[in-house]
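Below is one structure, written out as structure tokens, with a few remarks after it.
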Amino acid sequence: MDSRAKIEITVPGIAASQGIAYGQIFVYVQSDVEVPSYEVAQEKRIDEVARFDRALIATRQQISKIKHEVEKNIGPEEAAIFDAHLMVLEDEALIGETIREFEATGRNIETCFQRVSSRYVQAFSEIDDAYLRERAGDLRDVAQRVLNNLLGQVETALNRLADQRVVVATDISPSASASLDRSAALGLVLDSGSKTSHAVIVARSMKIPCVVGVRNLTSRVANGDWAIVDGYDGVVIVNPSESTLFRYGKIQEQKKSFEARLLEANRQPAITQDGVEVTLMANIERAEEVANVRTYFAQGIGLYRTEFLFLNSARMPTEQEQFLDYKSVAEAMAPLPVVIRTLDLGGDKPMTGKTDLFPKENNPFMGFRAIRFCLEHQDIFKEQLRAILRASAFGKVKIMYPMISGVEELARANAVLAECREELKARGVAFDPAMEVGTMIEIPSAAATADLLAEQCAFFSIGTNDLIQYLLAIDRVNDRIAHLYEPTHPAIIRTLRSVVDEAHRRGLPVSVCGEMAGDPVFAPLLLGLGVDILSMSPGWVPQVKYLVRAMKMADARALAAEALRLSSPREIYARCDAFYRARMRID
Ligand code: PEP
Ligand code: MG
């Protein structure tokens with residue numbers, strides 16, 4: 001549809017991933033589709049049954065295709081799930097009952113199919129047997145596909161977009177975000193969400209322009225509308241006029257030439273004007289991102305979020321599968337370091353379909369997450385620890401625990417690691433005996449006991465995404481309170497300073513791997529506070545490096561000293577912003 005025929009609307013939101021995208025909207029709906037209900041005239045009833053047959057055939061073809069792709073790309077075991085889906089389509093009871101319902105009521109076939117399939121889903125989900133209960137999920141999935149085909153809906157999976165699209169959704173899970181087809185997803189817009197939700201972090205690492213917190217946009221747009229996603233200023237412009245398109249064309253040209261300059265400068269080392277070398281590392285969620293880490297000249301991986309290996313899998317990856325994954329990253333990065341973080345499942349990253357391991361919680365960010373999960377499921381934890389240890393023989397691997405709350409927890413995790421070392425030694429399996437072990441500082445109690453933790457590990461990595469949410473009691477994924485999520489709150493700055501001081505007093509290096517590290521407005525403040533390493537999405541390295549090369553460390557220290565004296569988060573932010581703009585020559 002021609003965007004000029006419609007009225008332009010500008011919707012403000014939160015800038016979550018830089019870049020500008022323009023394209024047709026695809027509204028991604030996770031919930032059930034709306035099924036119209038109407039009476040089918042007597043003379044059209046044969047056609048209606050034929051329509052049902054065609055939808056079943058189309059569904060069968062789609063599922064067979066997916067099965068083939070999964071078999072090729074993942075493995076036969078995972079592909080077997082789709083045999084169960086194909087069997088649903090052969091189910092005489094389901095199909096026959098739908099036809100009988102149609103003959104009895106004369107209502108359109110989608111209405112009949114939805115009624116019958118819902119009855120079956122309901123019946124399966126009430127069965128005591130866990131295996132049969134799981135079949136309810138298969139049935140729901142297949143029924144959804146059949147309905148999509150009957151209604152002529154576009155395929156709703158994000159990894160199989162029909163064409164290049166701006167994806168608009170109420171919210172998406174981190175695993176759905178990780179499955180986004182990078183070549184087809186031009187931009188991402190979410191009604192809810194925040195900059196530090198994991199779904200958004202993943203989109204950012206794929207360099208997909210993203211705006212979040214645009215309340216109810218999904219209900220105001222339709223498939224086929226056009227939109228500009230401005231991930232710099234955090235606005236979405238629906239059905240832009242010719243003059244807006246022209247203006248954005250100019251902005252995009254400027255941004256492109258600026259980026260080209262950044263990339264050119266990115267070949268140089270990260271040394272400040274007064275000669276201090278700064279270490280910039282990368283955060284990754286999947287092994288394939290190593291190529292990006294190299295492209296952007298990051299000096300190692302400061303955070304490998306291994307849970308994504310689990311989130312996108314129908315089952316727990318085995319020790320061997322994990323080992324091969326970690327080894328590939330270690331080898332590709334050697335001799336540069338790779339910090340592999342142990343599982344941080346839970347919170348906004350529960351494993352889908354594993355409700356036995358991750359029961360629903362009222363307050364998941366305060367719940368059964370990360371190291372808490374691992375210490376209770378030591379079989380799962382040990383498989384991962386052994387896999388990481390084995391990978392350490394192939395590069396400079398370091399291990400890091402998430403969500404440590406105090407020394408006892410750290411000691412318990414280290415004890416499990418020691419058992420794994422013994423097990424491997426007994427099996428004669430090689431690993432690096434000097435592999436460093438670090439802990440994330442992302443819970444206030446860990447920050448307050450940094451001196452004690454420092455006695456039991458080799459480095460700290462501050463997870464500001466969580467540290468801010470827990471210190472300020474601001475849910476990191478809640479867009480209603482996103483304006484209160486203030487990285488420049490004095491409580492944050494004082495805590496960062498105290499953690500750095502405690503670590504340095506004991507000779508430990510400190511990195512920051514939360515999103516603050518890759519934000520050029522905050523990077524000088526962190527460096528000024530004494531942080532040794534900044535770890536960020538690979539694509540952010542050029543910007544931060546450009547800034548590092550344009551600033552003096554002495555000025556960053558003065559900025560931090562001033563920030564520590566100020567009491568207003570907004571005032572501190574303004575100082576950081578002015579520092580950044582002056583060095584980047586932005587008015
Ligand atoms: C953090 O909390 O800052 C962090 C890096 O971990 P994650 O975003 O994965 O929770
Ligand atoms: Mg965290």
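One-based numbering, in listed order, for ligands and for the atoms of each.
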Could you go step by step and tell me if Asn283 and Ser535 meet the side-chain hydrogen bond (donor to acceptor under 3.5 Å, both in side chains) rule?
-> CA-CA 6 Å; Asn283 296 349; Ser535 191; 2.6 Å; yes
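- Residue contacts with ligand 1 leave out Met516, since none of its heavy atoms falls under 4.0 Å from the ligand.
- Residue contact check for ligand 1: Arg369 places a non-hydrogen atom closer than 4.0 Å to it.
- With respect to atom 6 (O) of ligand 1, the closest heavy atom belonging to the protein is Arg341 NH1, 3.0 Å.
- When heavy-atom distances to ligand 1 are checked against a 4.0 Å cut-off, Leu303 comes that close only through its side chain, counted from C-beta outward.
- Under 4.0 angstrom from ligand 1, the non-hydrogen atoms of Asp344 all belong to its side chain.
- More than 12 heavy atoms of other residues, nucleotides or ligands shown are found within 6.0 angstrom of CZ on Arg294.
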So Glu289 and Tyr304, side-chain hydrogen bond (donor to acceptor under 3.5 Å, both in side chains) or not? Walk me through it.
-> CA-CA 10 Å; Glu289 289 175 73; Tyr304 179 10; over 6 Å; no
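- Qualifying side-chain hydrogen bond (donor to acceptor under 3.5 Å, both in side chains) partners for Gln469, counting only residues two or more places apart in sequence or in other chains: Asp466.
- Short contacts between ligand 1 and Lys349, defined as distances under 4.0 Å to a heavy atom of the residue, involve ligand atoms 9 (O).
- Taking a cut-off of under 4.0 Å to the non-hydrogen atoms of Asp466, the atoms of ligand 1 that pass are 1 (C), 2 (O), 3 (O), 10 (O).
- The local environment of CZ in Arg494 is sparse, with at most 12 non-hydrogen atoms from other residues, nucleotides or ligands closer than 6.0 Å.
- Counting only protein atoms, the N, O or S atoms lying less than 2.8 Å from the Mg ion (ligand 2) are Glu442 OE1, Asp466 OD2, ordered by chain and residue number.
- Of the charged side-chain nitrogens involved, none lies within less than 4.0 Å of a carboxylate oxygen, so that Lys255 and Glu259 do not count as a salt-bridged pair.
- Inclusion of Glu307 in the set of residues having an N or O under 3.5 Å from an N or O of ligand 1 is not warranted.
- Per-residue contacts place Cys513 under 4.0 angstrom from the following atoms of ligand 1 (heavy atoms of the residue considered): 5 (C).
- The shortest N or O to N or O distance between Arg476 and ligand 1 is under 3.5 Å.
- For the side chain to side chain donor-acceptor pair (under 3.5 Å) criterion with Tyr401, the lone passing option out of Thr439, Asn414, Thr342 is Asn414.
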Start with the C-alpha distance between Asp344 and Arg369, add both sets of side-chain angles, then the distance that settles salt bridge (Lys or Arg N to Asp or Glu O under 4.0 Å), and finish with yes or no.
-> CA-CA 6 Å; Asp344 184 5; Arg369 184 186 162 187; 2.9 Å; yes
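- Asp555 has a carboxylate O that lies under 4.0 Å from a charged side-chain N of Arg583, or vice versa, which qualifies the two as a salt bridge.
- Near Arg305, meaning under 4.0 Å from any of its heavy atoms, are these atoms of ligand 1: 4 (C), 5 (C), 6 (O), 7 (P), 8 (O), 9 (O).
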CA sep, side-chain torsions, deciding dist, call: Arg412, Glu408, salt bridge (Lys or Arg N to Asp or Glu O under 4.0 Å) = CA-CA 6 Å; Arg412 282 184 66 204; Glu408 286 194 347; over 6 Å; no
Evaluation steps, salt bridge (Lys or Arg N to Asp or Glu O under 4.0 Å), between Arg570 and Glu486 = CA-CA 9 Å; Arg570 283 171 61 183; Glu486 292 174 312; over 6 Å; no
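- By the 4.0 Å heavy-atom criterion, His198 is counted among the residues contacting ligand 1.
- Of the N and O atoms on the side chains of Arg476 and His198, at least one donor lies less than 3.5 Å from an acceptor on the other residue.
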